[in-house]
Every structure is written in structure tokens, then in C-alpha cells.
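Each chain gets a letter, A, B and so on, in the order its sequence line appears, and its residues count up from 1.
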Protein chains: 2
Amino acid sequence: MPTAVTKRDSIVSSALSLFADRGFDATTIPMIATSAGVGAGTIYRYFENKEVLGNTIFQEYVKKFTETLEDGFPSDESIRNQFHHIFKSMVRFTSTQHQALYFIKTHSSAHFLTEESHASFQGLLNILKNLFDSGKKKKKIKMLPTSALIAIVYGSFLEVQRLVQIGELELEAQLLAEIEESMWDAVRLIV
Amino acid sequence: MPTAVTKRDSIVSSALSLFADRGFDATTIPMIATSAGVGAGTIYRYFENKEVLGNTIFQEYVKKFTETLEDGFPSDESIRNQFHHIFKSMVRFTSTQHQALYFIKTHSSAHFLTEESHASFQGLLNILKNLFDSGKKKKKIKMLPTSALIAIVYGSFLEVQRLVQIGELELEAQLLAEIEESMWDAVRLIV
DNA sequence: CTAACCGGAATGAACGTTCATTCCGTTTTA
DNA sequence: TAAAACGGAATGAACGTTCATTCCGGTTAG
């Protein structure tokens, strides 16, 4: 029963929590209503139906994630520094919104997502695409297909965060730096 | 409607396919029955209920995956060669069973899994654990927590395979070798 | 200042639908 | 021909969604 100011916020916050924990399909509207402390019908005053609720939340948090990565991006610095910014921002987003990351991770190819939701997710990955494309030009990044480079970094990151979530790993500064270095080693051109 | 000899095989094969495509919760028993070419009741002659079916399939394929990784493991060779064996085996398993990998990936922390299913999945990851533990002793692998090393390699691999599945990447030999090298760079101790 | 009124937000019981599971008549096997 | 296997209609529970009703803060009338 997350805290929230407005009823809409309360519904979104409860739904995110339940979707992340149990998955979209295994979460019922009455569950969300109870957790949000509202009547089931109230949810339909804010969202047309369950799928719209799912898509709205997905897009809302993908947008927040994207903005976190873009915020303060050091366009004029080295690829390595840009990579550091992205990594740091991903960690920052996750630490404040770990349910959101988990929801996005487990639902980014869910059956209920609309074209618009997919597009917003692509927008998120495009930040990595731009980084790697420019890095390849500058001979700093391996000449792998960009999609593969993204998969390697994003996939690693998701699994590491899963460990954090289940309490198997605690990310203090030293470890964080080493994991960043490991991911950087995966994508950097080693001469 | 996958081909199969026995009805049980047909049910397992259809269920795997549907679970991988739509997810466990969004797959109905009548769907599985139709796809397998059997009556809905017949499924209950072979599996106590839907959850048992899900767990059975999960464990069956995790076991196949584990066996694939263990088969021909070069215990006496270098860490690098052992890593190569694991990587090659993961690719081999995926190319013959890509639905299985996808099902395992998307359901490895699903709400319906029993303790036994979780244990069988841990057994799979243990192969990587042993490799990295011995590699760290020999100063060939980064001194990161083993769980983190596993997450980095396994996470990358899953995302790369997702690209393959959606047709965004085709893994011919050259590319495969480069991706293996990238993942190796992520975990190897760079001096 | 109080009381009656108003309108839209909120509610939750009820509806139709869909699901997992059961049951039993039919078909296949030995 | 007896027994086992099978199919798919039937069942009841649970779901998403609706809508008649209640609630409540603000406005108007006296």
C-alpha cells in the first residue's frame, strides 16, 4: 500500500508494485484496488481498462528512465565518460525505482503492449545506440552490431539488478565501479 | 502444432511453445489442447494441473540445458577453453531449443515455480559458478562476486538471444566468435 | 449563519465472460 | 469383449468491467 497524494498516483503506484511482483496477468483489478485503497470502479475513472493501465504505467516509467539517462549527458566528453554517465544513471534510476526497472524488464515484450509502448522503449535503447555508434566511429568500441552491444550491456545490467533485488548482491561504490569496468571491457575495443 | 510421437510429448511441446510465446498466465488449457490436437481432459491424464505442467516443463528443459553444458566439458583444459565450451553449448542448446531458452528466461522467477524448480535452475547456474570460482583462483577471472560474473554473462547471453529470436541478429560463425570474445572480455582479468 | 441543494467523484454489488478442472459417453487397445 | 484412454461438453470459481447508488465539498436560498 504505497503512499501517494492523489488517487491516480495511488493506483499507479500500487499497480506498478503488483505488476513487478506478480506480473501483469497474475494481477487482478480487485488486488490493485485493495492495495491502492480505492474501489474497483474508481480505477476505471482514471484508466479505460486494464491494458490501458498497463501501457500507461509502462510508458510513464520508460519515460522517467529515458530522462534519467539524458539528464546531464556529457555530449562533449569522451566515450568512456559518456558510458560512465549512462551506467551511473542506470544505477541511479534503479535505486530509486527498482520496481519500475523490474516491471519494464519483465514486460518489455509483453503481449498487451501497444505500438506506442514499444516505440517508447525503443527510444530508451536509442540512447545506448547513439553512444555505441559514435564510439565505433572513434574506434573506441568493438565493431559488433550496435544491437548486440546494447544487448550485452543492457542484459548484464538487468541480471545484476535482479541479484540486487533478491538481496544476493549489495552495490557499494567499489563493487559498482568494478561492474562498470567489466561491462566497459565487454564493449570497448581492446587493442 | 509441433510434431510429437506420444500425446504427452505433444502436450509438452505445444505448451512450451505457447508458454514461450504468450507466457504461462496468458496461455489457457484449451489453447494447449487444441495446439496439441488432444482434448482438454486428456491433459489432466498426464499432468495433475496447470502448475504441475508448468513446473514439469520448466524442470525438463532446464535439465536438458544443464546436460548440454556438461556434455563434453573439458575439465582439464584452460579456463578460456572451458568458457568457450560453455558459450558454444549455450548457443547449441538455443539453436535447437530456442523456445525452451525463452521460456526458461521469462519464467525463471515466475510465481508458479516450486522450490524444486528453483533448485534445478540453480543447478544450471552452478556450472557457471564452478567455472568462475576456479578461474578466480587461477587469476584468470576478475575478482568480482561470482554471482555478479554469472549475471553479466548470462544476462548478456539472454538479451543477445532475444535479438536472434526477433530476427534482428543472425549468428553466423564470425559474429558468434566476436560476441564470445566480448563476454570473455567482460569477465577475464585484464592485466 | 444555517439549511437545503447540487454535481461529480467514488463505490462495490452484480453481470457476462472466460478459465481450469471434472465428468461421463465414446473410442481405442489388447 | 473388457479395460484403459480419450474427447469435449458441463461446471463452478474468478475475472474484468459496468452502473445504480452513495458520498462529500461547495454553492445557493432563506
Problem - Test salt bridge (charged side-chain N to carboxylate O under 4.0 Å, His left out) applied to E70(A) and K63(A), step by step - result: CA-CA 10 Å; E70(A) 281 169 346; K63(A) 188 173 166 228; over 6 Å; no
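Rounded to the nearest 0.5 angstrom, S17(B) OG and R22(B) CZ are separated by 11.5 Å.
No side-chain N or O of T6(B) forms a donor-acceptor pair with one of Y46(B) less than 3.5 Å apart. With no hydrogens or angles considered, a side-chain donor-acceptor pair links S156(A) and S156(B) at under 3.5 Å.
Residue-to-nucleotide proximity on DNA chain D shows that, of D25(A) and K7(B), the 5′-proximal contact is made by K7(B).
Summarising the geometry of T66(A) relative to G123(A), their closest heavy-atom pair is CG2-O, 4.5 Å, with the distance given to 0.1 Å.
Base engagement by T42(B) is indicated by at least one non-hydrogen atom pair under 4.0 Å involving a base atom.
Contacts with DNA chain C (heavy atom under 4.0 Å) in residues 45-59 of chain A: R45(A), Y46(A), listed by number.
In this structure, I190(A) shares a hydrophobic cluster with I190(B), the cluster being traced through Ile, Leu, Val, Met, Phe, Trp and Tyr side chains under 4.5 angstrom apart.
Within the cation-pi definition used here (under 6.0 Å to the ring centroid, within 45° of the axis), K50(A) qualifies as a partner of F24(A).
Bracketed by its first and final contacts, the part of DNA chain C lying under 4.0 Å from non-hydrogen atoms of chain B reaches from dC19(C) to dT22(C) in 5' to 3' order.
Side chains of F87(A) and H84(A) form no contact here, defined as non-hydrogen atoms less than 4.5 Å apart.
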